[in-house]
Q: 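Below: one structure in structure tokens.
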Amino acid sequence: MRRTKQKHISVTQDIWDAWNPFWDSEKERKMSETARANRMSEPAGAGSGPVRHTGGSRYALKHMDVIEMELGRKPSATELYTRLHSTKADKKPVDKRAQDMTVTITERLAAATQPQTEEGSSSSPAAVDETHMFLDIEGINKKKCVYGLGSASSRYVGTSSRVQRGSSSRSSQQEQQATTMVQLIREEIARMIPNLLAKFRPQPHPTPPDDDDTITLLKTTGENRKNGGKRQ
């Protein structure tokens, strides 16, 4: 309505009269020009054209819910991206950036799902998480948003195992550092012991002489306790 200056039947005249002065203000004109420049930018390179999507007026979260109903599970980030950036007729990427992403994802999936062979034996590839792969390729901006996922970014960022994997990696690294530190402390103590005065050095446990009847006495005492103090 702003571009065409034509009021829709659902908008009352008093609201329409209030909107027009607001749209014509200097602040709103600058914001409109900035938004238009952003829409016409070419992030995939000069000559590639502005980015587009085929999601229509339905926001990404709604598309995600629809796909989940179709598949019976939460769609991966790749599946949602494909739905939002493919043509309706032939399901081809809608712009250059979408095409580049499709090619990259296809190549990564092919490499990840190829069986690994070592010394003549083959092993099945591990399960591939397409969401992790997509986030690794596209990245997450400072606002925790992912290009191409729109309002559904929050469903994949933060709760994804990509973050969990990073946390697990940090925990493993901390454990390794702690183990290394303990080993260094032990080596340092072992190095210092020979230089200590005799009274500060660890003393070995004394070995009882051959005629020491301490062990026999302890055994006898234990047997007496079992039998209520009665002698056998």
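In what follows, every heavy atom counts, from backbone to side chain, and hydrogens, waters and symmetry copies are set aside. Just so we're clear, the structure is a prediction, and the values are computed from it rather than from any experiment.
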Q: Following the transitive rule for hydrophobic clusters with a side-chain heavy-atom cut-off under 4.5 Å over Ile, Leu, Val, Met, Phe, Trp and Tyr, establish whether Val94 and Ile105 coincide in one cluster.
A: no

Q: Would a distance-only check, ignoring hydrogens and angles, find a side-chain to backbone donor-acceptor pair under 3.5 Å from Thr106 to Thr102?
A: yes

Q: Tell me if the NZ atom of Lys88 is crowded by more than 12 foreign heavy atoms within 6.0 Å.
A: yes

Q: Locate the shortest heavy-atom distance separating Lys144 from Val157; write the atom from each residue and the value.
A: O-CG2, 3.9 Å

Q: Are Met31 and Phe22 linked, directly or through other ILVMFWY residues, by side chains that come within less than 4.5 angstrom of each other?
A: no

Q: How many angstroms lie between CG in Leu135 and CG in Leu149, if you round to the nearest 0.5 Å?
A: 7.0 Å

Q: List the residues meeting ring-ring contact (aromatic ring centres under 6.0 Å, His included) with Trp23, not counting sequence neighbours, and say none if there are none.
A: Trp16, Trp19

Q: Do you know which two heavy atoms are closest between Pro21 and Asp17, and how far apart they sit?
A: CD-O, 2.9 Å

Q: If you take all heavy atoms of Glu138 and Met101, which pair is closest and at what distance?
A: OE1-CE, 3.0 Å

Q: Could you check whether Arg83 pairs with Glu70 (Lys NZ or Arg NE/NH1/NH2 to Asp/Glu carboxylate O, under 4.0 Å)?
A: yes

Q: Taking Gly150's backbone N and O only, do any of them form a donor-acceptor pair with Ser153's side chain (distance below 3.5 Å, no angle check)?
A: yes

Q: Applying side-chain contact (heavy atoms from CB on, under 4.5 Å), run through Thr78 and Met133 and close with a yes or a no.
A: CA-CA 9 Å; Thr78 304; Met133 188 176 294; 5.8 Å; no

Q: Within a reach of under 6.0 Å around CZ of Arg73, are more than 12 heavy atoms found that belong to other residues, nucleotides or ligands?
A: yes

Q: Of all the heavy-atom pairs spanning Arg29 and Asp24, show the shortest one and how long it is.
A: NE-O, 3.2 Å

Q: Nearest heavy-atom pair of Lys7 and Val11: which atoms, and what distance?
A: NZ-O, 3.0 Å

Q: Distance-only, no hydrogens or angles: does the Glu79 side chain make a donor-acceptor pair with backbone N or O of Ser76 under 3.5 Å?
A: yes

Q: Applying the 4.5 Å side-chain criterion to the ILVMFWY set and letting contacts propagate, would Ile137 and Ile140 be lumped into a single cluster?
A: yes

Q: Using ring-ring contact (aromatic ring centres under 6.0 Å, His included) as the criterion, list what pairs up with Phe134, not counting sequence neighbours.
A: Tyr81

Q: Starting from Tyr156, can I reach Leu71 by hopping between I/L/V/M/F/W/Y residues whose side chains sit under 4.5 Å apart?
A: yes

Q: Can you check whether Glu68 reaches Pro75 side chain to side chain, under 4.5 Å on heavy atoms?
A: yes

Q: Please list every donor-acceptor pair under 3.5 Å in which a side-chain atom of residues 56-65 meets a protein atom from a residue at least two apart or in another chain.
A:
{"from": "His63", "atom 1": "NE2", "to": "Gly55", "atom 2": "O", "distance (Å)": "2.8"}
{"from": "His63", "atom 1": "NE2", "to": "Arg58", "atom 2": "O", "distance (Å)": "3.4"}

Q: Could you grab the distance from atom OG1 of Thr82 to atom NZ of Lys92, nearest 0.5 Å is fine?
A: 15.0 Å

Q: Tell me the closest heavy-atom pair linking Asp129 and Thr131, and the distance in Å.
A: OD1-N, 3.0 Å

